[in-house]
Chemist: 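First the structure, then my questions, so here it is.
This one's a predicted model, so the numbers in the text were calculated from it and none came from an experiment.
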Amino acid sequence: MDLIKSILPDAKGILPYYMLVLSITSIGNSLQSYATLHFSRRVYNGRFIRNPRLPPKSDNFEPEDSTKKLIPAQNDPKATDQLTPLAGRLFGTWTLITCIVRCYAAYNLHIGPVYTIAYWTYIVALGHFASELFVFKSMTFGLPQIFPFTLATLSLIWMPLVRDHYVEFN
């Protein structure tokens, strides 16, 4: 029991433990992103087809370089998701970086800038998932999407409310 207590953050509440658990869970999520696309494809489940309105390739235009080369098409039987092995690895790397920041913060919530950087990870995460859902349509809302939206939203509400309880140095 002393060993476990020695590796856990000193806590004046449960926020450090929450952040540590999220970080450890995120390590697993990050690693699986390198091994398989299965779980990431469940989150990024939007379906797309080639954009038939793009002009053909010319000296001044390359359709493959267009950010509008795919359009949402949930019900088209030819539609596919946008997740590639590269996108999966990028997401895994982004998740790992976020995990490292949050894990470090779990042990250093008393330092104002560390607290703020950890808070920003949730802002970026929610912004990313919201833009993928509402703007880019790379996901539809269902059970796999509930977790990232809920955890980011909970953190964005909770952390400002308890900041003064944890932060000792600004």
Side-chain angles (χ1 to χ4, degrees), residues 1-46 48 67-68 72 81-170:
M1 191 66 170
D2 288 337
L3 174 65
I4 293 172
K5 190 174 181 180
S6 71
I7 60 175
L8 291 175
D10 291 331
K12 297 189 291 185
I14 60 173
L15 181 60
Y17 301 126
Y18 170 81
M19 293 180 75
L20 186 63
V21 168
L22 280 183
S23 296
I24 292 168
T25 304
S26 294
I27 290 171
N29 186 20
S30 189
L31 293 175
Q32 69 81 26
S33 293
Y34 285 89
T36 179
L37 298 178
H38 176 76
F39 299 104
S40 296
R41 289 180 77 206
R42 290 182 60 212
V43 173
Y44 298 99
N45 60 357
F48 296 84
T67 58
K68 296 178 177 29
D81 62 45
Q82 290 191 45
L83 204 64
T84 65
L86 174 60
R89 292 189 305 272
L90 286 169
F91 184 70
T93 301
W94 175 69
T95 301
L96 184 60
I97 291 168
T98 301
C99 161
I100 292 166
V101 170
R102 291 176 186 167
C103 187
Y104 183 78
Y107 290 89
N108 294 285
L109 289 175
H110 62 284
I111 303 170
V114 173
Y115 196 99
T116 301
I117 290 170
Y119 187 74
W120 271 102
T121 66
Y122 295 107
I123 293 171
V124 171
L126 186 61
H128 165 73
F129 288 115
S131 68
E132 292 300 327
L133 178 64
F134 298 114
V135 177
F136 303 113
K137 312 281 192 230
S138 67
M139 61 174 64
T140 58
F141 200 77
L143 186 61
Q145 294 76 20
I146 287 174
F147 295 106
F149 276 95
T150 302
L151 295 174
T153 302
L154 174 66
S155 300
L156 290 175
I157 294 168
W158 184 14
M159 288 184 72
L161 295 175
V162 298
R163 180 182 174 91
D164 291 340
H165 178 73
Y166 289 100
V167 174
E168 298 170 9
F169 311 104
N170 279 310

Chemist: Test of understanding: with side-chain hydrogen bond (donor to acceptor under 3.5 Å, both in side chains), list the residues that count as partners of Ser138, not counting sequence neighbours.
Modeler: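 Scan of Ser138 (side-chain hydrogen bond (donor to acceptor under 3.5 Å, both in side chains), adjacent residues dropped) gives Glu132.
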Chemist: Kindly indicate whether the side chain of Met139, heavy atoms from C-beta on, has any atom under 4.5 Å from the side chain of Phe129.
Modeler: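 Answer yes - side chains close enough.
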Chemist: Restricting to side-chain hydrogen bond (donor to acceptor under 3.5 Å, both in side chains), what partner residues turn up for Asp164, sequence neighbours left out?
Modeler: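 Asp164: no side-chain hydrogen bond (donor to acceptor under 3.5 Å, both in side chains) contacts found.
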Chemist: For Pro144, check side chain to side chain contact (heavy atoms under 4.5 Å, CB included) against everything at least two apart and list the hits.
Modeler: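 For Pro144, the residues satisfying side chain to side chain contact (heavy atoms under 4.5 Å, CB included) (neighbours in sequence not counted) are Arg42, Val43.
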Chemist: Considering all heavy atoms of both residues, which atom of Cys99 and which atom of Ser26 are nearest to each other, and what is their separation?
Modeler: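 Result for this residue pair: CB-CB, 3.9 Å.
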Chemist: Once ring pair (Phe, Tyr, Trp, His ring centres under 6.0 Å) is applied, do any residues pair with Tyr44, and if so which ones, sequence neighbours excluded?
Modeler: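 Residues passing ring pair (Phe, Tyr, Trp, His ring centres under 6.0 Å) with Tyr44: Phe91, His128.
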Chemist: Please examine the side chains of Asn45 and Gln145, heavy atoms only from C-beta on, and report whether any two atoms are closer than 4.5 Å.
Modeler: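 In short, these two side chains touch, coming nearer than 4.5 Å.
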Chemist: Suppose the criterion is side chain to side chain donor-acceptor pair (under 3.5 Å): which pairs have a residue in residues 85-104, not counting sequence neighbours?
Modeler: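 Listed by first then second residue: Tyr34-Thr93, Arg102-Thr121.
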Chemist: Within the structure provided, determine whether His110 and Asn108 are in side-chain contact (heavy-atom separation under 4.5 Å).
Modeler: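 A side-chain contact exists here, since the closest heavy-atom pair is under 4.5 Å.
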Chemist: For Tyr107, enumerate each residue passing the side-chain hydrogen bond (donor to acceptor under 3.5 Å, both in side chains) test, keeping only those at least two apart in sequence or located in another chain.
Modeler: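 If we apply the side-chain hydrogen bond (donor to acceptor under 3.5 Å, both in side chains) test to Tyr107, skipping adjacent residues, there are no hits.
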Chemist: Going by heavy atoms in the side chains, are Met19 and Leu109 under 4.5 Å from each other?
Modeler: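 Yes. Closest side-chain heavy atoms under 4.5 Å.
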Chemist: Restricting to non-hydrogen atoms, name the atom on Cys103 and the atom on Leu20 that form the minimum distance, rounded to 0.1 Å.
Modeler: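 Taking every non-hydrogen atom into account, SG-CD1, 3.8 Å.
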Chemist: Arg41: which residues meet the salt bridge (charged side-chain N to carboxylate O under 4.0 Å, His left out) condition with it, sequence neighbours left out?
Modeler: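 Applying salt bridge (charged side-chain N to carboxylate O under 4.0 Å, His left out) to Arg41 gives Asp81.
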Chemist: Less than 3.5 Å apart, which donor and acceptor atoms pair up between the side chains of residues 7-17 and the rest of the protein, not counting sequence neighbours?
Modeler:
| from | atom 1 | to | atom 2 | distance (Å) |
| --- | --- | --- | --- | --- |
| Lys12 | NZ | His165 | O | 2.6 |
| Tyr17 | OH | Pro9 | O | 3.4 |

Chemist: Run the side-chain donor-acceptor check on residues 146-159: report pairs under 3.5 Å with partners two or more places apart or on a different chain.
Modeler:
| from | atom 1 | to | atom 2 | distance (Å) |
| --- | --- | --- | --- | --- |
| Thr150 | OG1 | Ile146 | O | 2.7 |
| Thr153 | OG1 | Phe149 | O | 2.7 |
| Ser155 | OG | Tyr18 | OH | 2.9 |
| Ser155 | OG | Leu151 | O | 2.9 |

Chemist: Should Phe169 and Val114 count as side-chain neighbours, where that means a heavy-atom distance under 4.5 Å?
Modeler: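 They are not in contact (no side-chain heavy atoms under 4.5 Å apart), so the answer is no.
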Chemist: Scan for salt bridge (charged side-chain N to carboxylate O under 4.0 Å, His left out) pairs involving residues 105-121, sequence neighbours excluded, and state none if there are none.
Modeler: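 The answer is none; no pair qualifies.
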Chemist: How would you list, by chain and number, every residue that makes a side-chain hydrogen bond (donor to acceptor under 3.5 Å, both in side chains) with Asn29, sequence neighbours excluded?
Modeler: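 For Asn29, the residues satisfying side-chain hydrogen bond (donor to acceptor under 3.5 Å, both in side chains) (neighbours in sequence not counted) are Gln32.
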Chemist: What pairs meet the salt bridge (charged side-chain N to carboxylate O under 4.0 Å, His left out) rule with one or both residues in residues 107-120, with sequence neighbours excluded?
Modeler: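 For residues 107-120: none.
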Chemist: Closest approach of Leu96 and Ser30, non-hydrogen atoms and distance?
Modeler: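 That would be CB-OG, 3.3 Å.
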